[in-house]
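Working notes for the structure below.
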There are 2 protein chains.
Amino acid sequence: MQKANENQYLQLHQHYHYLIQQGALKAGDKLPSEREIGEQFSLTRITVRQALQTLEADGLIYRMNRKGWFVSPPTLSYNPSKWQSFVEYASSQGFTPNTEVLNQTLVPADTNMANVFQISKGTLLLHLHRRRSVDGRPILIEHIYINPCLLPNIEHEELSQSLTQLLRRNYGETYHSMDLSFKSTALPTTAAADLGIPTGLPGLHIQRTNYRPDGVVLELDYEYWRHDAVTIEINMKGE
Amino acid sequence: MQKANENQYLQLHQHYHYLIQQGALKAGDKLPSEREIGEQFSLTRITVRQALQTLEADGLIYRMNRKGWFVSPPTLSYNPSKWQSFVEYASSQGFTPNTEVLNQTLVPADTNMANVFQISKGTLLLHLHRRRSVDGRPILIEHIYINPCLLPNIEHEELSQSLTQLLRRNYGETYHSMDLSFKSTALPTTAAADLGIPTGLPGLHIQRTNYRPDGVVLELDYEYWRHDAVTIEINMKGE
DNA sequence: CAGTGGTCTAGACCACACC
DNA sequence: GTGTGGTCTAGACCACTGT
């Protein structure tokens with residue numbers, strides 16, 4: 001019943017914030033159940049959940065659907081200016097990366113895609129839908145569109161590997177420049193489902209367009225990241 | 001009482017999502033009060049709030065403290081690779097930008113700052129705490145640290161203006177390169193308070209380090225953005 | 001099966017904004 | 001003042017996980 005300086009959910013938030021920062025709770029540790037926490041602090045489950053959701057927004061904890069709340073591991077650092085593949089930068093940071101191809105189809109280009117790739121509407125594009133994980137935790141959903149005319153037989157390659165490396169090795173293609181767009185937004189329902197997390201959680205949406213040296217678009221990439229899984233690092237030279 | 005295909009809060013979410021996308025609700029429009037919405041759809045306030053918070057996570061609506069919920073305006077596009085000032089890129093996108101200096105002090109460098117600026121611990125740094133708005137809506141809190149030894153008398157300048165332009169005009173300094181780091185995280189309590197929004201909302205944290213041509217650090221900048229106010233755009237050349 | 005989080009009801013009081 | 005969102009109580013049932 002205390003109406004002290006602080007709201008109760010913020011006090012509970014600070015409690016766990018402290019435990020995690022001090023290392024009393026470590027990455028991957030499971031928190032007590034919401035009901036247990038409620039009993040321990042004489043709080044309603046709703047209040048407990050508000051505290052947990054605030055910690056989740058901080059990126060300090062995450063939930064596995066109906067399994068419980070867990071302390072978040074450190075974030076992956078993603079540096080587009082290094083032109084490294086996911087496997088390269090995840091491994092070099094001590095994570096064990098994994099890629100799954102969820103779907104792989106040829107789809108006709110709509111008006112927008114036709115514009116981007118400078119092809120006529122209806123031309124078939126390779127659509128690659130992948131899920132990438134580190135240490136067994138899914139953190140990223142990719143939707144990649146590639147113009148197969150530029151890369152004959154690419155659809156018969158093993159597409160769970162690094163596209164960067166695949167293109168270099170088999171087709172001699174080399175990325176020349178890319179446009180990136182970052183937006184913090186809730187994960188779309190489908191991406192959240194693919195990641196196994198509830199709809200509406202904050203996420204990071206990245207759109208990437210890769211160009212060949214001659215300016216032709218090689219690859220269009222929509223990425224949906226867990227908001228707490230990644231830090232973007234970029235080094236810019238100018239001006 | 002319907003336990004149909006969809007949760008009730010997701011149905012309500014879709015309802016407003018549709019209204020906003022169709023333009024029936026426009027940027028800046030106020031939504032009905034939580035209690036009114038609850039009556040209209042026979043839902044509890046908690047369920048209504050869950051739907052509203054999901055729309056907020058999408059960036060479609062935002063709240064003004066105890067005033068109500070409003071439809072979000074379009075995002076500001078921030079392109080660090082263009083080396084433009086806030087005023088330049090906000091104006092060119094049709095927004096009316098504004099900058100307020102919340103605080104301006106000389107602070108002794110701690111160990112970390114001393115390392116970054118390659119000065120001895122305790123040397124005085126200029127700390128600039130600013131709030132930036134577009135069309136009257138605060139969207140960004142800045143904490144800037146500058147080594148005043150490199151820029152004599154800078155503390156007597158009008159510091160609500162663009163630092164980029166100020167440095168160019170008065171000191172001949174020109175940025176040469178910068179390191180950027182982006183992280184999606186909840187806004188710290190103080191930043192949320194400065195922005196007039198509740199603690200714990202998702203936000204975008206940007207850390208920027210600006211270097212002189214000789215590699216000396218000119219400026220260290222911590223930025224906290226509303227998550228729904230900005231899209232980061234970057235063009236990279238390589239490799 | 002029991003335990004977990006996910007959703008929801010039907011209220012309550014508070015602090016603050018606006019009039 | 002009244003009305004708003006902010007916080008909180010004390011329950012409930014459901015869907016799914018792991019045994």
Side-chain angles (χ1 to χ4, degrees), chain A residues 1-14 16 29-57 61-71 136-138 186-187 189 192-193 195-201, chain B residues 1-14 16 29-57 61-71 136-138 186-187 189 192-193 195-201:
Chain A
M1 285 301 174
Q2 66 217 3
K3 284 155 198 166
N5 290 324
E6 287 266 324
N7 299 323
Q8 304 187 45
Y9 82 92
L10 287 179
Q11 292 182 25
L12 185 53
H13 172 273
Q14 285 196 327
Y16 280 107
D29 284 358
K30 185 177 183 307
L31 271 59
S33 78
E34 297 175 354
R35 288 170 178 85
E36 277 181 66
I37 297 175
E39 275 184 34
Q40 189 184 340
F41 295 91
S42 301
L43 295 174
T44 314
R45 247 185 92 204
I46 289 191
T47 307
V48 172
R49 279 175 71 80
Q50 190 167 3
L52 294 175
Q53 281 162 9
T54 309
L55 288 160
E56 180 182 47
I61 65 175
Y62 69 101
R63 44 182 145 171
M64 294 177 71
N65 209 336
R66 293 172 212 277
K67 281 193 256 189
W69 294 87
F70 301 84
V71 178
R137 181 184 178 223
L187 292 170
T189 311
L195 289 170
I197 58 184
T199 305
L201 280 194
Chain B
M1 284 299 174
Q2 65 216 4
K3 284 157 198 165
N5 290 323
E6 287 266 324
N7 299 325
Q8 304 187 45
Y9 82 93
L10 287 178
Q11 291 183 26
L12 185 54
H13 172 272
Q14 286 195 328
Y16 279 108
D29 284 358
K30 186 178 183 308
L31 270 60
S33 78
E34 297 176 354
R35 288 170 179 85
E36 276 181 65
I37 297 174
E39 277 184 32
Q40 188 183 341
F41 295 90
S42 301
L43 295 173
T44 314
R45 248 186 91 203
I46 289 191
T47 308
V48 173
R49 280 175 70 80
Q50 190 166 5
L52 294 175
Q53 281 163 9
T54 309
L55 287 160
E56 180 183 47
I61 65 175
Y62 70 101
R63 44 183 145 171
M64 295 177 70
N65 210 338
R66 290 170 214 276
K67 280 193 259 190
W69 294 87
F70 301 85
V71 178
R137 181 183 177 224
L187 292 170
T189 311
L195 289 171
I197 59 185
T199 306
L201 279 194

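Reminder, nothing fancy here: chain letters follow the sequence lines and each chain counts from 1. All heavy atoms count here, side chains included; hydrogens, waters and symmetry mates do not.
With V48(A) as the fixed residue, the side-chain contact (heavy atoms from CB on, under 4.5 Å) test singles out one of T44(A), I46(A), L52(A): L52(A).
Side-chain atoms of P198(B) lie closest to dG6(D) of the nucleotides dG5(C), dG6(D), dC8(C). Checking dG6(C), dC8(D), dG6(D) against every side-chain atom of Y9(A), the shortest atom distance belongs to dC8(D).
When each of E34(B) and L10(A) is assigned the nucleotide of DNA chain D with its nearest heavy atom, E34(B) is the one assigned upstream, toward the 5' end. Residues T47(B) and G68(A) each lie close to DNA chain C; by heavy-atom proximity, the contact nearer the 5' end of the strand is made by G68(A).
In this structure, K67(B) does not reach the dC16(C) phosphate: none of its side-chain N or O atoms is under 4.0 Å from OP1 or OP2. Dashed line: the shortest gap from a side-chain N or O of Q50(A) to OP1 or OP2 of dT7(D) is under 4.0 Å. Within the 4.0 Å cut-off from OP1 or OP2 of dG18(D), not a single side-chain nitrogen or oxygen of R66(A) is found. The shortest distance between the side-chain N/O atoms of N7(A) and the OP1/OP2 oxygens of dT7(D) is below 4.0 Å. Dashed line: the shortest gap from a side-chain N or O of S33(B) to OP1 or OP2 of dT4(D) is under 4.0 Å.
In this structure, the CD atom of Q53(B) is 14 Å from the P atom of dG6(C), given to the nearest Å. Atom CZ in R35(A) sits about 11 Å away from atom P in dA12(D), given to the nearest Å. When the P atom of dT17(D) is taken as reference, atom NZ of K30(A) falls 15 Å away, rounded to whole Å. Here the P atom of nucleotide dA15(D) and the CD atom of Q8(B) are 13 Å apart, to the nearest Å. To the nearest angstrom, P of dG3(C) lies 20 Å from CG of N65(A). Taking atom CZ of residue R63(A) and atom C1' of nucleotide dT17(D), one finds them 16 Å apart after rounding to whole Å. The distance from atom CD of E56(B) to atom C1' of dG5(D) is 12 Å, rounded to the nearest whole Å. One can place CG of L12(B) at 10 Å from P of dC8(C), the figure rounded to the nearest angstrom.
To the nearest 0.5 angstrom, Q53(B) atom CD is 9.0 Å from I61(B) atom CD1. The distance from the CD atom of E56(A) to the CD1 atom of I197(A) is 8.0 Å, given to the nearest 0.5 Å. The CD atom of Q50(B) sits 10.5 Å away from atom CD of Q8(B), with the distance rounded to the nearest 0.5 Å. Atom CG of L55(A) sits about 10.5 Å away from atom CD of Q14(A), to the nearest 0.5 Å.
Counting only residues at least two apart or on different chains, the salt bridge (charged side-chain N to carboxylate O under 4.0 Å, His left out) pairs with a member in residues 35-47 of chain A are E34(A)-R45(A).
Of all the residues in residues 36-46 of chain A, E36(A), R45(A), I46(A) reach under 4.0 Å from DNA chain C with at least one non-hydrogen atom.
Note that R137(A) lies outside the cation-pi zone of F70(A), set by a 6.0 Å cut-off to the ring centre and a 45° limit from the axis.
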Could you walk me through whether L201(A) and R63(A) pass the side chain to side chain contact (heavy atoms under 4.5 Å, CB included) test, one step at a time? CA-CA 11 Å; L201(A) 280 194; R63(A) 44 182 145 171; 3.5 Å; yes

Decide side chain to side chain contact (heavy atoms under 4.5 Å, CB included) for T47(A) and L12(A); before the verdict, give the C-alpha distance in whole Å, the side-chain angles of both, and the deciding distance to 0.1 Å. CA-CA 9 Å; T47(A) 307; L12(A) 185 53; 6.0 Å; no

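Across its full length, the helix from dC1(C)-dG18(D) to dC18(C)-dG1(D) shows an angle of 10° between the axes of its 5 terminal pairs at either end, rounded to 10 degrees.
Within 3.5 Å, no donor on the side chain of R49(A) pairs with an acceptor on the base of dG6(C), nor the reverse.
Looking at every heavy atom in both residues, V71(A) comes nearest to Y62(A) through O-CE2, 3.6 Å.
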